[in-house]
Q: 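The structure under discussion is supplied below as structure tokens; questions concerning it will follow.
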There are 2 protein chains.
Amino acid sequence: MDQSDIKYTNQRIEILEFLKGFDGHPSVDDVYEGVRKKLTRISKATVYNNLKFLAEKGLIKEVNVKGVSRFESNLEPHHHAICIECGEIIDFQSEELREYAMKIAGKIDNFKVESTDTNFYGICKKCKEMK
Amino acid sequence: MDQSDIKYTNQRIEILEFLKGFDGHPSVDDVYEGVRKKLTRISKATVYNNLKFLAEKGLIKEVNVKGVSRFESNLEPHHHAICIECGEIIDFQSEELREYAMKIAGKIDNFKVESTDTNFYGICKKCKEMK
DNA sequence: AGTTTAAATAATAATAATTCTTATTAAGAA
DNA sequence: TTCTTAATAAGAATTATTATTATTTAAACT
């Protein structure tokens, strides 16, 4: 991603800071509410625009779960464990799995794979205890 | 999934038939437009309800790409190659990858994995030729 | 068969997430 | 400073999805 010509406006800096300090995978609304504490006049459209912009520039990553966008600043390639009850996302790193998948990626006809990740669906601790 | 008490209404039969005959991963609208040719009076809410219902019963599967739901009748566990340009989804089967991932799944703390699949992101043939 | 009951459907209103539009503001170049 | 362009704020518009309500269908019972 071309990160050479990025204009770091206050809004973009605050959004990046918020993501770095956030433990989890915030939705657009989470980011909006969080950033609003410092930039009280920020517009939600600006949050949308800049999350998209920063994701295109490769400074953050977008994850889509159950139809809603979530974001993360963890740029290390990793996988996600997703709770099928509450939608909670847990990062999980396994370089060996990624390598294995990339090796297999070569077998897909007429498709040039650039990246891969694996999703693990199941029940998180909190939801398990509720039963 | 409990498939014992499924009531096969005309609407459900037509939705299942459409999915079986469709080569790809249709959206709700695709299904609606397709089924409407036979059941001209069907409501879109019925399509939503029944796609959800059939997915819960395990007769079809739901895939979420870029925030929109898509469906498939291919029940064999498989992975998806997703074009980052046009969003096209290609099924890709690799039992060895699934087994490998499930083995690694045991390492995730406090999370009971029920299923796993791997996404391959890249450029499809059609989009590659356009460049 | 006729009546009762519950589930399924159609139509459409409501909601949520996201994108678009337009006027304003900020920032850099001339 | 003035010109130019990109970024932003505000809110309207759009899209995908869910909820509501009246009607229809179908099964269960008498």
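In what follows, chains carry the letters A, B, and so on, assigned in the order in which the sequence lines appear, proteins first and then strands, with residues in each chain numbered from 1. Below, all heavy atoms of this structure are taken into account, side chains as well, without hydrogens, waters or symmetry copies.
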Q: Mind running side-chain contact (heavy atoms from CB on, under 4.5 Å) on K38(A) and F18(A) for me, showing each step along the way?
A: CA-CA 10 Å; K38(A) 289 211 172 173; F18(A) 176 81; over 6 Å; no
Q: Say whether S27(B) and D30(B), considering side chains only, have a donor N or O and an acceptor N or O under 3.5 Å apart.
A: yes
Q: So, using salt bridge (charged side-chain N to carboxylate O under 4.0 Å, His left out) as the criterion, who are the partners of K107(A) when residues are at least two apart?
A: E96(B)
Q: Residues two or more places apart in sequence or in another chain: which of them pass ring-ring contact (aromatic ring centres under 6.0 Å, His included) with H78(B)?
A: H80(B)
Q: Give me the residues of residues 28-37 of chain A where at least one heavy atom lies under 4.0 Å from an atom of DNA chain D, by number, or none.
A: none
Q: How does the hydrophobic cluster around I104(B) look, that is, which other residues are in it when side-chain heavy atoms under 4.5 Å mark a link?
A: I90(A), F92(A), L97(A), Y100(A), M102(A), I104(A), I108(A), F111(A), V113(A), F120(A), I90(B), F92(B), L97(B), Y100(B), M102(B), I108(B), F111(B), V113(B), F120(B)
Q: Over all strands shown, is S69(A) touching base, sugar-phosphate only, or nothing at heavy-atom distances under 4.0 angstrom?
A: sugar-phosphate
Q: Please enumerate all residues that pass salt bridge (charged side-chain N to carboxylate O under 4.0 Å, His left out) together with E62(A), with sequence neighbours excluded.
A: none
Q: Applying salt bridge (charged side-chain N to carboxylate O under 4.0 Å, His left out), can you list everything that pairs with D29(A), at least two apart in sequence or on another chain?
A: K44(A)
Q: T118(B) and side-chain hydrogen bond (donor to acceptor under 3.5 Å, both in side chains): which partner among N119(A), D117(A), T118(A), T116(A)?
A: T118(A)
Q: Can you tell me how far CZ of R12(A) sits from CG of N49(A), rounded to the nearest 0.5 angstrom?
A: 8.5 Å
Q: In chain order, what residues pass the side chain to side chain donor-acceptor pair (under 3.5 Å) check against R70(B), with sequence neighbours excluded?
A: none
Q: So which of residues 40-53 of chain B are in contact with DNA chain D, with a heavy-atom cut-off of under 4.0 Å?
A: A45(B), Y48(B)
Q: Please enumerate all residues that pass salt bridge (charged side-chain N to carboxylate O under 4.0 Å, His left out) together with E33(B), with sequence neighbours excluded.
A: R36(B)
Q: Could you tell me which residues satisfy ring-ring contact (aromatic ring centres under 6.0 Å, His included) with H79(B), sequence neighbours excluded, listed by chain and number?
A: none
Q: At a heavy-atom distance below 4.0 Å, which nucleotide of DNA chain C is the first touched by chain B, and which is the last?
A: dA7(C) to dT12(C)
Q: Can you give the first and last nucleotides of DNA chain D, 5' to 3', that have an atom under 4.0 Å from a heavy atom of chain A?
A: dA6(D) to dG11(D)
